[in-house]
2 protein chains.
Amino acid sequence: MKKVNASVITIGDEILIGQIIDTNSVFIAQELNKIGIWMNRKVSVGDDKESIFSALSEEEKHSDIILITGGLGPTADDITKPLLCEYFGGKLIVNEEVLAHVKYLFEHVYRRTGPILQTNLKQAEVPDVCKVLLNKAGTAPGMLFEKNGKIFISMPGVPNEMKYLITNEVIPYLLKNVLTETIAHKTLVTFGLGESMLAERIKDFESSLPEHIKLAYLPNYGLVRLRLTGVSSDKEKIQKEIDDLFSILKTQVADIMIADEDVSMETIIGRLLNERKQVLSTAESCTGGYIAHLLTANAKSSSFFTGSVVCYDKRIKVELLDVDADLIEKEGTVNEEVSRQLATGIVKNMNTDYGIAVTGLMGPDKGEETEEVGTVWIAVADKQKVESKRFMFKFDRRRNIETTAINALNMLRLFILSNSR
Amino acid sequence: MKKVNASVITIGDEILIGQIIDTNSVFIAQELNKIGIWMNRKVSVGDDKESIFSALSEEEKHSDIILITGGLGPTADDITKPLLCEYFGGKLIVNEEVLAHVKYLFEHVYRRTGPILQTNLKQAEVPDVCKVLLNKAGTAPGMLFEKNGKIFISMPGVPNEMKYLITNEVIPYLLKNVLTETIAHKTLVTFGLGESMLAERIKDFESSLPEHIKLAYLPNYGLVRLRLTGVSSDKEKIQKEIDDLFSILKTQVADIMIADEDVSMETIIGRLLNERKQVLSTAESCTGGYIAHLLTANAKSSSFFTGSVVCYDKRIKVELLDVDADLIEKEGTVNEEVSRQLATGIVKNMNTDYGIAVTGLMGPDKGEETEEVGTVWIAVADKQKVESKRFMFKFDRRRNIETTAINALNMLRLFILSNSR
């Protein structure tokens, strides 16, 4: 398995002053990883000639492929493109295909009236030594250069434009021209066992894998994704090998596997509910609306998610969700019975098939409650019954909230499945 | 103003495979920026000796200060510390202060019973050529090295431990030993004018600034922070200069300034409500609980935030928030009157002083609604009156939700202030 390395260079002062979080390189890393290219280094540099030049020449030494994002907006154009011309030796020429595309965007998509500005037309100028990658998501094209046997690809930093180019131009190009072998992979998602415990359980399987097949652990808030990746010149053979090994892996993690493909917990919940034509509501105290936010981050959730009562104040628990006021008076809000009453209350008051309820102490302080910080009670209910469970999370407030949310969704998943048996 | 440059090296495969988003370097960039140190380059490399070595020697050429995070966990220890010993020339010795701290943590904080594991005790071993920076947030200490006139500081990658060291050890050390001059700065927050329009408005002010005083624009979802930073060997003089210029800047942005210090919109809302001993609730359709999540991300919000009804389904708008069912039948859910009824409904049903309501189409699809994707109606209400306003956002779903939230909070801010006049 010949290892192909890539460096990513992100250009722009906004990353270096901590103004934006660099999510572009996360996307690029994931997409490269899928086709078996290893992101070797990631470098962020400022918007000046010296920094960009030194980054290009250094990364050329480290990697086979150098992907560059940013520094291509209409205002930054003046620096970056002449600089690329200089680095790769060439001159700026108008690319007719890009020019037609820019004109089309302004006339038919942006629907600007009046003449197109010179700065916008300049986006159609490219170094004559590059291969143009047409950017259908915007005006600035991608540009591919070759030098000393290395491939350099420059893309705009606007996330959706970069994503368009990576998906539709860069990955297909690399698959065709750089990776002479076929990549096959399959992913499953587990929940409930930490990465190191999981590794311990499947260590024999992992060590038995042939050299050309790799197992990756991708943990994220209690979920651990396992991905098998194989590389071979024989497409059918490698796919069959991966399929066979994936079957073995599945049997070894059957009890903790929540999906045999790469999907999120929210998607799994959505599918279970859509299949049953059932709907869900949530009663959120300590998560403060985060579960609802997670679910509604996907527009399609309207088919299975009705809504939430964020009952941050104990008065709301009583008034909108019918929790016993005396119970709260005597026992506080973080206990099993309150979680159960919240769950049955939301099912009743939102008239849904299922309800999730959470009440707990996310820290850093515990206010007037007696329980320890990190204590969470989660309950799930349908119209007949309710189940509840105590958790203890010892992270910071943000991660406690996120971990509570994913555990609550998993409890609902198990509850729905046990109903179907 | 002597420019001091820093490089940040983050060590760990998890960044390179796109498993985690690197927020550590965002925090470091912001903290360095505050004391006038420019983050020159940010480099992520894998967990292997060759990668770390080449990163150290390259960044030493680029910057005065090299900050290193990650690669110090109990399992990775075996690689990183001997490697630092080799790079800086030294040998591992037990540091008694760190050893006492590790023992204290295990006995009194983590409350482990039984003997402490050898791997944990090894955290007290440090290269004898480093200055130890005691990490009170965890077991792995920070380590400071000097070589060829450059300063290297190695920290664990766990966010709260890294933050502890940056705030309590690294920044004070740099202020005392590296920056010979005093840094003074003042920040204000504006809302409602884009960065380029704002720059146009205050361009005369900006160009009149003396060489040793800089103005930074820090935009974030409709908010733009303006920060004046001055550097001088005369502490009192520079503070007065900054104060005087800050007063002038404030008069130029008086109409759009929402705070004359560096605070979030949620904090401003919290202060306004706490001062008045008033409470808020939200009725969220298109934001799906995101406003509640924003507010409850801070534990202190319980003093002014009661809760939310996330009314994703139109049925919940009618049943829990008293929106007229005929109105929805005839006009759909995205219109002015629905937003107003949601706002008055949440104020009444949660019995709060103020209510925020949002209804809109966040995209990518618009479902059965007739309005254009991106249309949002926001309403704010108290017990006497209600105000509503239409917005149009053309970002992706995630950013539409975030921008709606910040605009809704700003509408409430203006509403509260107009009540106080």
Side-chain angles (χ1 to χ4, degrees), chain A residues 15-19 21-23 25-30 33 38-46 51 54 58 62 160 216 218-220 279 284 288-293 295-297 299 301-302 305-313 315-316 320 349-350 362-365 367 396-398 401, chain B residues 15-19 21-23 25-30 33 38-46 51 54 58 62 160 216 218-220 279 284 288-293 295-297 299 301-302 305-313 315-316 320 349-350 362-365 367 396-398 401:
Chain A
I15 289 177
L16 297 174
I17 61 171
Q19 190 177 301
I21 295 173
D22 173 23
T23 52
S25 64
V26 174
F27 177 82
I28 296 174
Q30 290 169 345
N33 203 248
W38 170 245
M39 194 199 275
N40 190 30
R41 288 166 51 96
K42 189 183 81 172
V43 181
S44 297
V45 296
S51 298
S54 68
E58 282 179 12
H62 287 294
N160 70 314
L218 309 166
N220 188 20
V279 295
E284 303 188 43
Y290 184 70
I291 301 174
H293 167 58
L295 294 171
T296 57
S301 58
S302 59
F305 179 64
T306 307
S308 178
V309 171
V310 179
C311 48
Y312 212 53
D313 190 327
R315 183 168 60 76
I316 305 305
L320 267 71
N349 293 354
M350 285 217 179
M362 303 282 88
D365 310 312
D396 62 14
R397 182 176 178 85
R398 181 189 172 137
I401 290 173
Chain B
I15 289 177
L16 297 174
I17 61 171
Q19 189 178 302
I21 296 173
D22 173 24
T23 52
S25 64
V26 174
F27 177 81
I28 296 173
Q30 290 169 344
N33 202 249
W38 169 244
M39 193 198 277
N40 191 29
R41 288 167 49 97
K42 189 182 80 171
V43 182
S44 298
V45 296
S51 298
S54 68
E58 281 179 13
H62 286 294
N160 69 314
L218 309 165
N220 188 21
V279 294
E284 304 188 43
Y290 184 70
I291 301 174
H293 168 58
L295 295 171
T296 58
S301 57
S302 58
F305 179 64
T306 307
S308 178
V309 171
V310 179
C311 47
Y312 212 53
D313 189 327
R315 183 168 61 76
I316 305 304
L320 267 72
N349 293 356
M350 285 218 179
M362 303 282 87
D365 310 312
D396 63 16
R397 182 176 179 85
R398 180 186 172 141
I401 290 173

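Every chain is numbered from 1, with letters handed out A, B, ... down the list of sequences.
Ranked by heavy-atom pairs under 4.5 Å with chain B, the first of A:Glu58, A:Gln30, A:Met362 is A:Glu58. Looking only at heavy-atom pairs under 4.5 Å with chain B, the residue among A:Leu16, A:Val279, A:Ile21 that has the most is A:Leu16. For chain B, the option among A:Ser25, A:Ala299, A:Gly363, A:Ala292 with the highest count of heavy-atom pairs below 4.5 Å is A:Ala299. The greatest number of non-hydrogen atom pairs below 4.5 Å with chain B, out of A:Ser44, A:Pro364, A:Gly289, is found for A:Ser44. With chain A as the partner, the residue from B:Asn349, B:Asn40, B:Leu295, B:Ile291 showing the most heavy-atom pairs under 4.5 Å is B:Asn40. The candidate with the highest count of non-hydrogen atom pairs below 4.5 Å against chain A, out of B:Gly288, B:Gly307, B:Gly46, is B:Gly288. Ranked by heavy-atom pairs shorter than 4.5 Å toward chain B, the options A:Thr296, A:Ile28, A:Asp313 are led by A:Thr296.
Contact of A:Asp365 with chain B is not made at all, since no heavy-atom distance falls under 4.5 Å. In this structure, chain B has no heavy atom under 4.5 Å from any part of A:Glu284. Looking at B:Asn160, neither its backbone nor its side chain comes within 4.5 Å of chain A, counting heavy atoms on both sides. For chain B, the nearby parts of A:Ser301 are the backbone and the side chain; heavy atoms of each come within less than 4.5 Å. Heavy atoms of B:Ser302 lying under 4.5 Å from chain A belong to its backbone as well as its side chain. Of the atoms belonging to A:Ala297, it is backbone heavy atoms, and not side-chain ones, that fall under 4.5 Å from chain B. Residue A:Arg41 touches chain B through both its backbone and its side chain, counting heavy-atom pairs closer than 4.5 Å. Both the backbone and the side chain of A:Met350 have a heavy atom closer than 4.5 Å to some heavy atom of chain B.
Counting heavy atoms from C-beta on, the side chains of A:Trp38 and B:Ile17 come closer than 4.5 Å. In this structure, B:Lys42 and A:Asp22 have side chains that are in contact, with non-hydrogen atoms separated by less than 4.5 Å. Using a 4.5 Å cut-off on side-chain heavy atoms (C-beta onward), B:Val309 and A:Leu320 make contact.
Across all their heavy atoms, A:Val26 and B:Gly18 have their closest contact at CG1-O, 3.5 Å. Annotation for A:Ile15 and B:Ala29: closest pair O-CB, 4.4 Å, computed over non-hydrogen atoms. Residues B:Tyr312 and A:Phe305 share a closest heavy-atom pair of CD2-O, 3.7 Å. A:Ser54 and B:His62 make their closest contact through OG-CE1, 3.7 Å (heavy atoms, listed as atom of the first residue, atom of the second, distance).
Not a single side chain to side chain donor-acceptor pair (under 3.5 Å) links A:Thr306 to another residue, sequence neighbours left out.
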